[in-house]
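Taking it in order: structure first as structure tokens, then the write-up.
The chain is numbered in sequence order, starting from 1. Only this structure's heavy atoms are used, side chains among them; waters, hydrogens and symmetry mates stay out.
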Amino acid sequence: MLIFDADDTLWENNVIYERVIDEFLEWMTVPGLDRAGVRAVLDGIEAANAVTLGYGSKVFLHSLGQCLARLRGRAATASESARIAGWAAAFADRVELMPGVAGTLAELARRHELLLLTKGDTEEQQRKVTASGLTGHFRGVHIVAEKNTATYEELIRAYDLVPAATWMIGNSPKSDVLPARSAGLNAVFIPHPHTWVLEHGELDPADKKVLRLSAFGELLRHF
């Protein structure tokens, strides 16, 4: 069984957020507060909101509004709120598959059973899954609030998986590799240059149950 992450593994995601953040940093930077300072404030707000509000573009835009209010020392004006709301268009129902994903998944689906496991806002993630055109390759699609050890253990029970014969494939050490390994699964780490800072984590270089690849298409050499 191969379990796939979605955002930044099957399709581009965080690079869209980074483009908006770049514009936001340019807007918020003032004398005495550089881009790094603004980004540090935003990262802290996003980390706190991820715990209480979850993930997705709506939470992200909410975080931008909170960041503006904290930096300006006041609530956002109507025009400022409108500018932030306007960035929602960047997250419209467009899905850009990562190189090699379509053909590789089609071939892997002929060889193995596949599952999709993604976290975030259910409606938003489902729209992306549908728009990707990949749904037919998966035995099941699971959209969860958080990807932690308990999530993987629940998946093991739901499908009666054999951990030693199951692999979690993704770009996030925090959500894909570390909790999957904690649950006894194998993992494939395919790093993405724009992985969200809150998804970073330290992997054990001596862990033989973690396969490190540089591109999605390399999966065909191992599975």
Side-chain angles (χ1 to χ4, degrees), residues 1-15 50 54-55 95 97-120 122 125-126 128-129 132-223:
M1 177 71 77
L2 305 181
I3 308 172
F4 290 86
D5 168 52
D7 293 337
D8 294 321
T9 296
L10 300 183
W11 54 71
E12 294 285 7
N13 181 65
N14 198 54
V15 67
Y55 305 92
V95 171
L97 296 183
M98 300 289 288
V101 162
T104 301
L105 270 187
E107 180 59 31
L108 289 174
R110 286 192 282 269
R111 305 179 185 180
H112 308 281
E113 285 193 301
L114 313 183
L115 295 175
L116 181 64
L117 178 64
T118 181
K119 71 178 182 181
T122 301
Q125 292 303 99
Q126 186 58 61
K128 288 191 283 186
V129 171
S132 74
L134 302 173
T135 311
H137 295 313
F138 300 103
R139 177 179 171 184
V141 173
H142 297 266
I143 301 172
V144 297
E146 189 59 84
K147 290 160 77 174
N148 50 32
T149 302
T151 301
Y152 290 95
E153 290 174 340
E154 183 177 342
L155 209 60
I156 291 170
R157 289 191 295 270
Y159 287 91
D160 196 23
L161 300 178
V162 177
T166 303
W167 295 76
M168 177 62 200
I169 300 161
N171 70 293
S172 168
K174 176 180 177 291
S175 294
D176 302 325
V177 179
L178 295 175
R181 291 293 297 121
S182 179
L185 305 181
N186 306 294
V188 179
F189 177 47
I190 308 177
H192 188 290
H194 297 290
T195 295
W196 189 23
V197 64
L198 297 185
E199 293 295 332
H200 292 183
E202 292 296 325
L203 301 181
D204 180 0
D207 189 349
K208 302 301 183 183
K209 297 297 182 69
V210 177
L211 176 63
R212 299 166 186 253
L213 303 180
S214 59
F216 195 88
E218 293 179 14
L219 287 166
L220 293 177
R221 301 178 188 171
H222 301 274
F223 301 98

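- Under the side chain to side chain donor-acceptor pair (under 3.5 Å) criterion, S182 pairs with T149, not counting sequence neighbours.
- Of all the heavy atoms in A187 and V177, the pair that sits closest is CB-CG1, 4.0 Å.
- Distance check, rounded to the nearest 0.5 Å: CG of L115 to CG of L161 gives 6.5 Å.
- P173 and L203 make their closest contact through CB-CD2, 3.8 Å (heavy atoms, listed as atom of the first residue, atom of the second, distance).
- Closest non-hydrogen pair, G184 versus P163, comes out as O-CB, 3.3 Å.
- Look at R110 and E107 and you find a salt bridge, because one of the NZ, NE, NH1 or NH2 atoms lies within 4.0 Å of a carboxylate O, short of that distance.
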Could you tabulate the donor-acceptor pairs under 3.5 Å formed by side-chain atoms of residues 211-221, not counting sequence neighbours?
residue : atom : partner : partner atom : Å
S214    : OG   : E218    : OE2          : 2.5
E218    : OE1  : S214    : N            : 3.3

Could you walk me through whether L178 and R181 pass the side chain to side chain contact (heavy atoms under 4.5 Å, CB included) test, one step at a time? CA-CA 5 Å; L178 295 175; R181 291 293 297 121; 5.9 Å; no
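- Residues K119 and Q125 fail the side-chain proximity criterion, which asks for heavy atoms closer than 4.5 Å.
- A heavy-atom distance below 4.5 Å is not found between the side chains of L10 and T118.
- Residues I3 and T166 form a side-chain contact, since some pair of their non-hydrogen atoms from C-beta on lies under 4.5 Å apart.
- Side-chain atoms of H200 and T195, non-hydrogen and from C-beta on, do get closer than 4.5 Å to each other.
- Judged as a side-chain contact (heavy atoms from CB on, under 4.5 Å), and not counting sequence neighbours, the contacts of H142 are L117, L155, Y159.
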Go through L97 and L134 one step at a time and tell me if the side chain to side chain contact (heavy atoms under 4.5 Å, CB included) criterion holds. CA-CA 10 Å; L97 296 183; L134 302 173; 3.8 Å; yes
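- Between D5 and K147 there is a salt bridge, since at least one side-chain N of the basic residue sits less than 4.0 Å from a carboxylate O of the acidic one.
- K209 NZ: 12 or fewer foreign heavy atoms inside a 6.0 Å radius.
- In this structure, NE2 in H137 is found 10.0 Å from OG1 in T104, a value given to the nearest 0.5 Å.
- Side-chain N/O atoms of E199 and N171 include no donor and acceptor closer than 3.5 Å.
- Between D7 and K128 the shortest side-chain heavy-atom distance falls below 4.5 Å.
- The side-chain heavy atoms of D8 and S172, taken from C-beta on, include no pair separated by under 4.5 Å.
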Set out, in order, the CA-CA distance, both residues' side-chain angles and the distance that settles side chain to side chain contact (heavy atoms under 4.5 Å, CB included) for L2 and I169, then state yes or no. CA-CA 7 Å; L2 305 181; I169 300 161; 4.1 Å; yes
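- A ring pair (Phe, Tyr, Trp, His ring centres under 6.0 Å) with W167 is found for one member of Y152, F223, F4 and no other, namely F223.
- At a threshold of 4.5 Å between non-hydrogen side-chain atoms, the residues H112 and M1 do not count as touching.
- By the neighbour-count criterion of 12 heavy atoms within 6.0 Å, atom CD of E146 is densely surrounded, having more than that number from other residues, nucleotides or ligands.
- To the nearest 0.5 Å, atoms OG (S175) and CE (M168) are separated by 8.5 Å.
- Between M98 and I190 the shortest side-chain heavy-atom distance does not fall below 4.5 Å.
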